[in-house]
Enquirer: 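Sharing a structure, written as structure tokens. Questions coming.
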Amino acid sequence: PPSTQRTFHLPSLLLCPHETPQGRLPGLRVKSVFLVWLGIFAGSWMVYLHYSSYSELCRGRVCQVVICDQYRKGIISGSICQDLCELHKVEWRTCLSSAPGQQVYSGLWRDKDVTIKCGIEEALDSKAQPDVAPRRELVLFDKPTRGTSIKEFREMTLSFLKANLGDLPSLPALVGQVLLMADFNKDSRVSLAEAKSVWALLQRNEFLLLLSLQEKEHASRLLGYCGDLYLTEGIPHGPWHVAALPPLLRPLLPPALHSTLQQWLGPAWPWRAKIAIGLLEFVEELFHGSYGTFYMCETTLANVGYTATYDFKMADLQQVAPEAAVRRFLQGRRCEHSADCTYGRDCRAPCDRLMRQCKGDLIQPNLAKVCELLRDYLLPGAPADLREELGSQLRTCTTLSGLASQVEAHHSLVLSHLKTLLWKKISNTKYS
């Protein structure tokens with residue numbers, strides 16, 4: 001019948017004149033196989049990159065071999081050498097390194113969570129075997145030399161601190177602390193190995209900062225050392241768990257994605273307000289402290305750490321620089337643009353186009369840079385009754401100039417207003 005005939009031929013109307021369902025399947029199979037192959041290839045390449053980068057960035061084994069080799073030879077010493085090299089009581093855990101020359105690991109020592117830090121610049125010869133201990137004593141542990149008296153070592157340490165921190169009346173007391181730390185076994189004398197170890201430690205920028213800020217609440221406490229390897233309090237919680245990322249990807253994370261992750265994975269807003277108050281207090285500590293002024297030269301959320309009770313801790317002091325060091329870098333430096341006058345990541349001074357030399361004052365003080373950071377950290381999720389005033393104060397803060405006269409006039413006032421505003425919101429609550 002006609003109706004039956006129409007029903008029989010209806011599916012064929014959906015096909016092109018020369019195409020059958022079976023004719024299309026081989027093409028689909030080829031595309032599917034190609035996509036699967038491409039996915040496997042891309043995944044394998046990412047795994048290869050991850051592990052090759054990991055082997056370069058994470059070389060704690062090399063660090064330990066180098067340090068313990070020098071310890072057994074009697075070249076260096078320190079308060080944790082025996083635990084590290086003989087008793088094996090220092091446990092290396094997660095690699096947190098972001099640069100091959102500065103090894104950073106989370107660890108465990110005497111039932112305490114610690115951060116292990118060690119520099120291996122001279123060990124990173126691309127042709128060297130990963131577990132071969134290089135002869136670093138020829139470079140790093142070369143001072144002081146045999147025959148140096150304790151008086152000469154004291155003067156040598158004082159000169160070094162003057163060059164790096166400035167000529168300050170408080171430096172002789174700091175020299176005394178260095179010598180006390182060197183005499184870790186409390187035998188009232190400083191051996192050559194002890195002197196070599198503490199001198200090598202002083203060459204590490206972060207260690208020098210830890211020493212200068214050891215009385216401050218928001219810097220990690222130094223727990224012990226062996227040669228130029230040292231332990232600090234356990235790594236503070238970051239704005240989100242950086243350790244979950246492969247080491248190669250951490251410095252490549254876009255700021256926008258970092259900010260988004262912070263909002264998703266970070267603490268509740270009142271806790272963030274408490275952390276921000278601690279960060280502002282840290283800025284106060286860096287400004288005209290006992291050992292001079294310090295500049296934050298990499299102001300990022302990655303450095304905003306905090307304890308289990310949400311008290312701020314500076315997660316990394318590598319990019320905090322003494323004013324004397326920054327001024328020495330800028331002095332007489334030739335430039336075409338202000339970008340040529342940049343110390344670290346964001347300690348930037350203006351360029352005198354006429355003289356073609358960098359000026360001495362930084363464009364932005366610490367507080368202005370921190371306030372820029374806090375705009376992204378505090379404004380998302382801020383209470384509605386606070387958001388407008390908080391945004392206004394943060395905008396005012398970011399306009400602060402680095403000129404000394406303006407910093408002196410406005411710095412303390414703006415900082416005090418911000419702390420008061422935040423503290424009023426969380427005081428008398430569980431968050432305070």
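In what follows, residues are counted from 1 in the order of the sequence shown.
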Enquirer: What are the two closest non-hydrogen atoms of Cys63 and Trp92, and how far apart are they?
Expert: CB-CH2, 4.0 Å
Enquirer: Between the side chains of Tyr71 and Glu86, is a donor N or O closer than 3.5 angstrom to an acceptor N or O?
Expert: yes
Enquirer: Identify, with sequence neighbours excluded, every residue that meets side chain to side chain contact (heavy atoms under 4.5 Å, CB included) alongside Leu192.
Expert: Pro144, Arg146, Lys196
Enquirer: Please report the closest heavy-atom contact between Glu285 and Glu217, naming both atoms and the distance.
Expert: OE2-N, 3.6 Å
Enquirer: I'd like to check the side chain to side chain contact (heavy atoms under 4.5 Å, CB included) partners of Asp83; sequence neighbours left out, ordered by chain and number.
Expert: Leu87, Lys89, Val90, Trp109, Arg110
Enquirer: Hey, is the main chain of Phe153 close enough, under 3.5 Å, to the side chain of Thr157 for a donor-acceptor pair?
Expert: yes
Enquirer: Could you go step by step and tell me if Gln364 and Glu372 meet the side chain to side chain donor-acceptor pair (under 3.5 Å) rule?
Expert: CA-CA 11 Å; Gln364 276 188 309; Glu372 281 189 1; 3.1 Å; yes
Enquirer: Check step by step if side chain to side chain contact (heavy atoms under 4.5 Å, CB included) holds for Leu280 and Leu367.
Expert: CA-CA 8 Å; Leu280 292 170; Leu367 183 58; 3.8 Å; yes
Enquirer: Can you measure from CZ (Phe184) to OG (Ser77) and round to the nearest 0.5 angstrom?
Expert: 4.5 Å
Enquirer: Are Leu211 and Leu222 close enough that some pair of their side-chain heavy atoms sits under 4.5 Å apart?
Expert: no
Enquirer: Given side chain to side chain contact (heavy atoms under 4.5 Å, CB included), test Leu394 with Leu390 step by step and report yes or no.
Expert: CA-CA 6 Å; Leu394 288 173; Leu390 179 59; 4.0 Å; yes
Enquirer: Just how far is it from atom CD of Glu323 to atom CG of Leu362, taken to the nearest 0.5 Å?
Expert: 8.5 Å
Enquirer: Strictly distance-based, threshold 3.5 Å: is any side-chain N or O of Lys359 a donor or acceptor partner for the main-chain N or O of Cys341?
Expert: no
Enquirer: Report the distance from atom CG of Leu386 to atom CD of Gln393, rounding to the nearest 0.5 Å.
Expert: 9.0 Å
Enquirer: Does some side-chain heavy atom of Cys347 sit less than 4.5 Å from a side-chain heavy atom of Lys369?
Expert: yes
Enquirer: May I ask you to test the Asp228-Ile67 pair for a side-chain heavy-atom distance under 4.5 Å?
Expert: yes
Enquirer: Between Ser97 and Pro100 (side chain of the first, backbone of the second, donor and acceptor by atom type, cut-off under 3.5 Å), is there such a pair?
Expert: no
Enquirer: Between Phe294 and Leu165, is any pair of side-chain heavy atoms under 4.5 Å apart?
Expert: yes
Enquirer: Hey, mind stepping through Arg353 and Glu336 against salt bridge (charged side-chain N to carboxylate O under 4.0 Å, His left out) and telling me if it holds?
Expert: CA-CA 7 Å; Arg353 298 281 182 91; Glu336 296 290 337; over 6 Å; no
Enquirer: Answer yes or no: is there a donor N or O on one side and an acceptor on the other, between the side chain of Asp346 and the main chain of Thr299, under 3.5 Å?
Expert: yes
Enquirer: Any non-hydrogen side-chain atom of Leu210 less than 4.5 Å from a side-chain atom of Tyr230?
Expert: yes
Enquirer: Quick one: do the Glu298 and Gln318 side chains pair a donor with an acceptor below 3.5 Å?
Expert: no
Enquirer: Let me confirm one number: the CG-NE2 distance from Leu422 to His417, rounded to the nearest 0.5 Å.
Expert: 13.0 Å
Enquirer: Under 4.0 Å between a side-chain nitrogen and a carboxylate oxygen: does that hold for Asp183 and Arg189?
Expert: no
Enquirer: How about Arg356: does its CZ atom have over 12 heavy atoms from other parts shown lying under 6.0 Å from it?
Expert: no
Enquirer: Could you check whether Asp340 pairs with Arg333 (Lys NZ or Arg NE/NH1/NH2 to Asp/Glu carboxylate O, under 4.0 Å)?
Expert: no
Enquirer: If only atom types and distance count, is the side chain of Thr398 paired as donor or acceptor with the main-chain N or O of Arg395 below 3.5 Å?
Expert: yes
Enquirer: Taking the six-membered ring for Trp, are Phe329 and Tyr343 closer than 6.0 Å centroid to centroid?
Expert: yes
Enquirer: Show your reasoning for whether side chain to side chain donor-acceptor pair (under 3.5 Å) applies to Arg93 and Ser106.
Expert: CA-CA 5 Å; Arg93 289 185 168 177; Ser106 64; over 6 Å; no
Enquirer: Taking all non-hydrogen atoms of both residues into account, name the closest pair between Tyr306 and Pro267 and its distance.
Expert: OH-CD, 3.8 Å
Enquirer: Taking it one step at a time, do Glu233 and Lys313 satisfy side chain to side chain contact (heavy atoms under 4.5 Å, CB included)?
Expert: CA-CA 10 Å; Glu233 291 176 305; Lys313 287 283 186 181; 3.8 Å; yes
Enquirer: Is the backbone of Asp385 close enough, under 3.5 Å, to the side chain of Glu388 for a donor and an acceptor to pair up by distance?
Expert: no
Enquirer: Is there a donor-acceptor pair closer than 3.5 Å between any side-chain N or O of Arg272 and the backbone N or O of Leu378?
Expert: no
Enquirer: Is there a donor-acceptor contact under 3.5 Å from the side chain of Gln331 to the main chain of Arg328?
Expert: no
Enquirer: How about Cys226 and Cys81: are their SG atoms under 2.5 Å apart?
Expert: yes
Enquirer: Please test Glu281 against Lys216 for side chain to side chain contact (heavy atoms under 4.5 Å, CB included), starting from the C-alpha separation and ending with a verdict.
Expert: CA-CA 10 Å; Glu281 289 173 350; Lys216 305 301 183 183; over 6 Å; no
Enquirer: State the CZ-NE2 distance between Arg348 and His337, to the nearest 0.5 angstrom.
Expert: 11.0 Å
Enquirer: A side-chain contact here means heavy atoms from C-beta on lying under 4.5 Å apart; do Ser220 and Met314 qualify?
Expert: no
Enquirer: Determine yes or no for a side-chain-to-main-chain donor-acceptor pair under 3.5 angstrom, with Thr307 supplying the side chain and Asp311 the backbone.
Expert: yes
Enquirer: State yes or no: are the ring centers of Phe141 and Trp199 separated by less than 6.0 Å?
Expert: no
Enquirer: Evaluate the side-chain proximity of Ile277 to Ile426: yes if any heavy-atom separation is below 4.5 Å, no if none is.
Expert: yes
Enquirer: Quick one: closest heavy-atom pair of Cys297 and Ala321, and the distance?
Expert: SG-CB, 4.3 Å
Enquirer: Do side-chain atoms of Tyr291 reach the backbone of Leu209 as a donor and acceptor pair under 3.5 angstrom?
Expert: no
Enquirer: Might you work through the disulfide bond (SG atoms under 2.5 Å apart) test for Cys371 and Cys397, ending with a clear yes or no?
Expert: CA-CA 6 Å; Cys371 285; Cys397 176; 1.9 Å; yes
Enquirer: Would you call Tyr225 and Leu201 a side-chain contact if the rule is heavy atoms closer than 4.5 Å?
Expert: yes
Enquirer: Please state whether the rings of Phe282 and Phe312 are parallel, tilted or perpendicular, taking 30° and 60° as the class boundaries.
Expert: tilted
Enquirer: Grab the two heavy atoms, one from Ala163 and one from Ala324, that are nearest each other, plus how far apart they are.
Expert: O-CB, 4.4 Å
Enquirer: So if I apply the side-chain contact (heavy atoms from CB on, under 4.5 Å) rule between Val190 and each of Val198, Thr148, Ile150, which one comes out positive?
Expert: Ile150
Enquirer: Measure the spacing between CD of Gln214 and OG1 of Thr232 and express it to the nearest 0.5 Å.
Expert: 13.5 Å
Enquirer: Hey, is Cys335 close enough to Cys358 that the SGs sit under 2.5 Å?
Expert: no
Enquirer: Compare every heavy atom of Ser170 with every heavy atom of Ser290, then report the nearest pair and how far apart it is.
Expert: O-OG, 2.6 Å
